[in-house]
Protein chains: 2
Amino acid sequence: MNAVHDPFTHPASRLALEVFRLNGALISAGDTLVAPLGLTSARWQVLGAIAEAGGALPTAGIARNMGLTRQSVQRVVDDLAARGLVCFATNPHHKRAKLVQLTAAGTQAFAAASARWAPLADLLLARIGPAAAEAAATTLHQLRTTLSEAGAGSGDPT
Amino acid sequence: MNAVHDPFTHPASRLALEVFRLNGALISAGDTLVAPLGLTSARWQVLGAIAEAGGALPTAGIARNMGLTRQSVQRVVDDLAARGLVCFATNPHHKRAKLVQLTAAGTQAFAAASARWAPLADLLLARIGPAAAEAAATTLHQLRTTLSEAGAGSGDPT
DNA sequence: CGCTTATTGACAGCACACTGTCGTTATGGA
DNA sequence: TCCATAACGACAGTGTGCTGTCAATAAGCG
């Protein structure tokens, strides 16, 4: 009995397009925010994933935590290593899978990025309110869960 | 003064990460959905933008409607033209800016993509409910507006 | 111990969006 | 009319993410 849904006005379509637009705006804002630090949104996120994990984990572990593929993360990690923001430590549990660690410069860069992000995060939260932020996060999470259930999840099936 | 916000647990940070993840999931699901039609998410969206606009508009116009740059859209349009899904018509208002039109094959491909998307859109909407969809769309729009106000809008300043 | 399987790193190639730049075309004001 | 500005198409280069593939390592099992 579905009504004749115009693909342009379907609520799910409009929400999806809004996600696309906000995603682009967030990446753009993030790039601008951390550009003075020699960072990009992707490099910043990888530094954050390492910091959040306690400071040392292999590339594949970073990828899992971020929901990306090893290959994507690896390129960024190599880039960060070339810039001296991360270094590699031997992994007692796996000879080839070296642990990625923040260097002093990397720790400092991530702290500086966080300091630059904090005011904007507060502004965004104040604009929409904590309740709406929580509700939106829940809704988006439900959508992502439904997508992965309906379509075979992403991951690293290599 | 602001509480000591852990950058990992700030509601705005968590919402941003959720947007990133859902964006990736939507693109991935879209690619899978329309792959049998020889389409990708990007090509599908461009076809949709042309169809929504009534069938003919220049590349730069498509880009404005989608919130992307001319250059990004142009590559996809050229690709669609090579595949016979769109064609170019002379523009009475601008000699070089030819109008992009859907071919019969393009119209058919977009209709097929819409037909494949409809059930998934209905499923997603049923999962979260119309009210949550509307609320989330509003919240995301507010965030995007706030970002563009705070950080110099995106667009095509070329 | 030896074999199979899963995990990991590494490399190549593709898709997509961005910035920067140039030449062409329209448009509007001096 | 003529020139400055804006808009558009085109091309090059960069960043990010994906898939596909291979060799090396680790872990489990007969």
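Just so we're on the same page: letters track the sequence lines, and every chain starts at 1.
If you measure from atom CG of B:Asn91 to atom C1' of C:dT24, you get 14 Å, rounded to the nearest angstrom. C:dC18 atom P lies 14 Å from atom CG of A:Leu26, rounded to whole Å. As a whole-Å value, the separation of B:Leu39 CG from C:dC16 P is 10 Å. Here the P atom of nucleotide C:dA17 and the CD1 atom of A:Ile27 are 11 Å apart, to the nearest Å. Taking atom CD of residue B:Gln45 and atom P of nucleotide C:dA15, one finds them 17 Å apart after rounding to whole Å. The interatomic distance linking B:Arg43 (CZ) with C:dA15 (P) rounds to 7 Å, in whole Å.
Taking the side chain as every heavy atom from C-beta outward, B:Leu143 and B:Val19 never approach each other to under 4.5 Å.
Aromatic rings of B:Phe110 and A:Phe8 (six-membered ring for Trp) have centroids within the 6.0 Å cut-off, being under it.
The shortest distance between the side-chain N/O atoms of A:Thr40 and the OP1/OP2 oxygens of D:dG15 is not below 4.0 Å. Taking 4.0 angstrom as the limit, B:Gln74 places a side-chain polar atom (N or O) nearer than this to OP1 or OP2 of D:dA10.
Of the candidate nucleotides C:dC18, D:dG9, C:dA10, D:dG9 has the atom nearest to the side chain of B:Arg96. Of all nucleotides listed (D:dG9, D:dG20, C:dT19), D:dG9 comes nearest to the side chain of B:Ala97. Among the nucleotides D:dC18, C:dC16, C:dC18, the one closest to any side-chain atom of A:Ser72 is D:dC18. Checking D:dT21, D:dA10, D:dC18 against every side-chain atom of A:Arg70, the shortest atom distance belongs to D:dT21.
With hydrogens and angles left out, the side chain of A:Arg75 and the base of D:dG15 share no donor-acceptor pair within 3.5 Å. In terms of polar N and O atoms assigned as donor or acceptor, the side chain of A:Gln71 never comes within less than 3.5 Å of the base of C:dG9 in a complementary pairing.
Taking 4.0 Å as the cut-off between side-chain N and carboxylate O, B:Asp79 and B:Arg83 count as a salt-bridged pair.
Residues satisfying the side-chain contact (heavy atoms from CB on, under 4.5 Å) test with B:Arg64, not counting sequence neighbours, are B:Ala60.
Of the residues in residues 47-66 of chain B, B:Pro58, B:Thr59, B:Ala60, B:Arg64 come within less than 4.0 Å of DNA chain D through at least one heavy atom, sorted by number.
Between the CG atom of A:Leu140 and the CG atom of B:Leu22 there is a distance of 5.5 Å, given to the nearest 0.5 Å.
A donor atom on one side chain and an acceptor atom on the other are found under 3.5 Å apart for A:Ser41 and A:Asp31. For the residue pair A:Thr146/B:Arg127, the side-chain donor-acceptor check at 3.5 Å is satisfied.
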Polar-atom pairs under 3.5 Å, protein N or O versus N or O of nucleotides 4-6 of chain C: list them with distances, or write none.
none

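Put simply, the side chain of B:Asn91 never gets that close to the backbone of B:Leu99: no donor and acceptor are under 3.5 Å apart. At distances below 3.5 Å, not a single donor-acceptor pair connects side-chain atoms of B:Thr103 with backbone N or O atoms of B:Cys87.
A residue-by-residue look at A:His93 and A:Ala42 shows that A:Ala42 has its nearest nucleotide of DNA chain D further toward the 5' end.
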